[in-house]
Protein chains: 2
Amino acid sequence: MVRKATAQDVADLAGVSRSAVSLVLNGRAQGHIARDKQQAIIDAARQLNYTPNAVAVSLRNRRTRTIGVLTWSSPSGFSIPMLHATLKTTTAAGYLSIFMDTANDRDHQSQALATLRDHQVDALLVIAPDLIDYRPAEVMRTIPTTLVNCLDPSGGLTSVVADEHGAGSAAAGVLIEAGHTSLGVIAGPSDSMQSRLRLEGIEAAAAANRIGVSVQAVLNRDIDSGFAAARTLLSASEAPTALICTHERLAVGAVLAAANLGIAIPADLSLVSMDDGEQLASQLVPHLTTIERPDRAMAEQAVTATLQGVDEDDGGEIRQLTLNCSPAIRDSVARPQPPNRRPCPQADRR
Amino acid sequence: MVRKATAQDVADLAGVSRSAVSLVLNGRAQGHIARDKQQAIIDAARQLNYTPNAVAVSLRNRRTRTIGVLTWSSPSGFSIPMLHATLKTTTAAGYLSIFMDTANDRDHQSQALATLRDHQVDALLVIAPDLIDYRPAEVMRTIPTTLVNCLDPSGGLTSVVADEHGAGSAAAGVLIEAGHTSLGVIAGPSDSMQSRLRLEGIEAAAAANRIGVSVQAVLNRDIDSGFAAARTLLSASEAPTALICTHERLAVGAVLAAANLGIAIPADLSLVSMDDGEQLASQLVPHLTTIERPDRAMAEQAVTATLQGVDEDDGGEIRQLTLNCSPAIRDSVARPQPPNRRPCPQADRR
DNA sequence: CTGAAAGCGCTTACAG
DNA sequence: CTGAAAGCGCTTACAG
């Protein structure tokens with residue numbers, strides 16, 4: 001293994017001291033070092049293919065230009081767009097991301113955080129897979145930390161979340177505007193804050209428009225649950241003309257159920273999916289109209305906020321950012337058909 | 001911000017030298033340090049909540065216990081199970097993973113690799129989103145590197161891939177064993193090595209059993225393409241009784257198409273999906289029988305191999321690991337119906 | 001305008 | 001059995 005060149009090697013080759021090398025290469029040479037020596041240093045550095053050892057720089061500067069990202073597994077997994085955006089934004093800022101994925105309990109998380117602290121990460125990002133209240137760990141008092149998709153009830157930490165209630169209202173709004181007067185909702189488990197807020201948003205918008213809502217709550221946010229709930233909803237005597245699924249995979253199940261029942265989307269049934277984190281809803285047949293949590297923007301804002309915290313030595317201002325979820329109109333919403341043209345669900349052919 | 005305790009702080013509190021602290025805390029005290037001093041050091045360390053500064057340790061030991069993971073974006077994105085398994089295995093080995101996601105071109109990749117090298121990662125993992133031949137970069141001659149889902153034609157690097165050809169044969173095998181005598185295949189683009197190998201595997205198994213195969217090649221591995229291809233295949237006068245989709249999202253499209261055509265799975269049509277990386281195929285209605293690329297195992301083997309490379313200073317043995325893809329039998333395969341019971345595809349209700 | 005020195009926080013030979 | 005010293009590779013006051 002070829003040893004990497006050090007500043008000393010460059011200094012030797014250029015015939016100057018190590019300090020001069022550091023000064024020149026860090027752009028603080030003006031008025032300090034003679035022009036010809038500067039050039040010699042630059043040439044030598046290029047010739048030796050020199051780049052500073054980031055570990056040594058980190059030790060010296062007490063800054064690692066590294067951010068720790070804590071995640072933990074959950075049935076809903078984590079969001080790829082958020083991951084991508086985190087990586088992209090940190091890289092653009094000249095930082096490295098160290099990911100730690102743990103089990104969903106305090107002990108494992110503390111351990112992961114201790115490792116991150118030992119490695120002297122400059123800042124921390126906590127990305128929760130599901131919207132929750134998060135009680136900050138001890139280290140977060142000494143390392144700038146930003147919460148993503150979770151809230152610190154004590155208000156001590158900056159957090160970035162989506163306006164889930166508003167998202168629910170927006171979903172209902174799209175359907176109401178299209179002329180629907182009865183809404184079916186397939187909602188995630190009520191012990192999930194996210195599911196609850198979305199449902200409340202839907203119900204608020206419906207109530208404001210004096211529109212009835214029939215809700216099917218499911219235990220899991222998976223395809224099977226969406227399928228079963230949709231069958232129940234669509235087989236009822238007074239089946240709704242429009243459906244909202246509070247989660248992406250529920251929508252996949254609903255689309256499958258509709259197809260099996262011979263119900264055409266959007267001709268016979270309008271459908272709005274919340275979430276498109278897996279780029280599933282938007283790519284289904286037909287492409288679903290969605291209300292999307294702005295995962296990329298959330299990650300960008302969070303990285304920006306947390307890096308701001310490392311530059312301002314007071315840790316930066318504490319804020320709570322709530323991002324809007326906006327509708328992406330695609331092909332799954334139409335005006336409701338007059339009642340007499342509504343289809344008779346066929347026998348199940350599953 | 002509270003300063004973290006250093007070894008010096010511990011030494012002061014325990015009334016010993018820094019070296020003694022290091023010795024004791026690294027378990028090399030036996031026969032060197034008096035028992036009571038050892039205890040004093042341990043107590044002091046606990047009291048000050050001391051843990052070594054990993055950056056300093058890295059500089060001193062010239063080992064960062066860190067591995068760099070290079071990925072790049074592609075339409076097919078990257079595999080969450082692989083990601084999870086990478087994280088889990090590195091953590092278990094006491095290493096940290098630094099992820100770098102780049103654009104799919106050599107320049108961006110070189111830059112990312114340079115950053116990783118500057119940060120002195122002990123080893124490198126290259127995770128390709130699609131099976132390709134990968135020409136190693138310069139740094140990989142000096143840092144132990146393992147390729148995942150890609151091959152080094154020059155044979156200089158250890159690589160971990162899946163037996164895609166065998167996977168194709170296995171898929172066909174499941175269907176042939178169930179009694180099917182005509183196979184439809186929805187195959188990914190032929191410029192993809194993975195798609196090509198899978199198709200060849202299918203064709204080889206079919207040929208060995210004197211069974212006809214009708215292939216629909218698609219340009220993109222997305223739901224729309226699977227949908228369109230399935231409609232074509234299933235609307236033909238001699239429609240196959242069984243379908244293989246070489247990729248997960250194609251299978252989603254095929255299931256949707258079948259539902260729209262009133263074709264029941266598995267009663268009227270058997271279906272096998274290759275891949276279940278998104279846990280989509282396995283959770284569809286019905287749950288699809290799949291041949292799965294062993295993403296988790298691939299990542300585990302790769303991490304193990306590359307860390308082996310850092311311990312053996314010759315960089316370790318160079319191997320090419322080809323992992324098997326095994327069938328996961330679920331609910332989408334049945335014996336073919338006698339011809340007279342085959343359904344007439346209904347008019348399209350999409 | 002430039003070089004020698006100190007120090008970031010560790011570990012490991014080495015001298016006593 | 002223990003402590004003082006050197007050194008990992010850098011940067012930044014500081015003295016000249």
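Computed from heavy atoms alone, side chains included, the values below leave out hydrogens, waters and symmetry copies. Below, read A as the first sequence line, B as the second, and so on, with proteins coming before strands; counting in each chain starts at 1.
Taking 4.0 angstrom as the limit, A:N26 places a side-chain polar atom (N or O) nearer than this to OP1 or OP2 of D:dT11. Taking only side-chain nitrogens and oxygens, A:R18 never comes nearer than 4.0 Å to OP1 or OP2 of D:dT12. Under 4.0 angstrom from either OP1 or OP2 of D:dC10 there lies no side-chain N or O belonging to A:N61.
In this structure a side-chain-to-backbone donor-acceptor pair under 3.5 Å is missing from B:N61 to B:R63.
Here C:dC10 presents its P atom at 12 Å from CG of B:D12, a figure rounded to the nearest Å. Taking atom NE2 on A:H119 and atom P on C:dG9, their separation rounds to 16 Å, with Å as the unit. Look at CG on B:N53: it is 6 Å from C1' on C:dG9, rounded to the nearest Å. Distance CD (B:Q120) to P (C:dC10): 19 Å, rounded to an integer number of Å. Between the CZ atom of A:R62 and the C1' atom of C:dC8 there is a distance of 6 Å, rounded to whole Å. Separating the CG atom of B:L48 from the P atom of C:dG9 is a distance of 14 Å, rounded to the nearest angstrom. Distance, B:R63 CZ to D:dG7 P: 21 Å, rounded to whole Å. Counting to the nearest Å, the P atom of D:dG3 and the CD1 atom of B:I41 are 9 Å from each other.
At least one test fails for A:R18 against the ring of A:Y50: distance under 6.0 Å to the centre or angle within 45° of the axis.
When each of B:A56 and B:A20 is assigned the nucleotide of DNA chain D with its nearest heavy atom, B:A20 is the one assigned upstream, toward the 5' end. Along DNA chain C, the nucleotide closest to B:L23 and the one closest to B:L59 are compared, and the more 5′ of them pairs with B:L59.
In this structure, the nucleotide among D:dG9, C:dG9, D:dT11 sitting nearest to the side chain of B:T6 is C:dG9. With C:dC10, D:dG9, C:dG3 as the choices, the nucleotide that has an atom nearest any side-chain atom of A:K37 turns out to be C:dG3. Comparing C:dG9, D:dG3, C:dA6 against the side chain of B:S19 picks out D:dG3 as the nearest. Candidate nucleotides D:dT2, C:dC10, D:dT11 were compared by shortest atom distance to the side chain of B:A34, and D:dT2 ranks first. Comparing C:dT11, D:dG3, C:dG3 against the side chain of B:R60 picks out C:dT11 as the nearest.
Each of B:K88, B:M82, B:Q301 was scored for a side chain to side chain contact (heavy atoms under 4.5 Å, CB included) with B:R296, with one residue passing: B:K88. Paired with A:K37 under the rule side chain to side chain contact (heavy atoms under 4.5 Å, CB included), one option of A:V21, A:V16, A:I42 passes, and it is A:V16.
Ring geometry, B:F99 versus A:F99: the interplanar angle exceeds 60°, so the pair is classed perpendicular (tilted spans 30 to 60°).
Pair assignment for C:dA15: D:dT2, on the basis of Watson-Crick or G-U wobble contacts that are both within less than 3.5 Å.
B:A7 comes within 4.0 angstrom of the backbone, heavy atoms only, and of no base.
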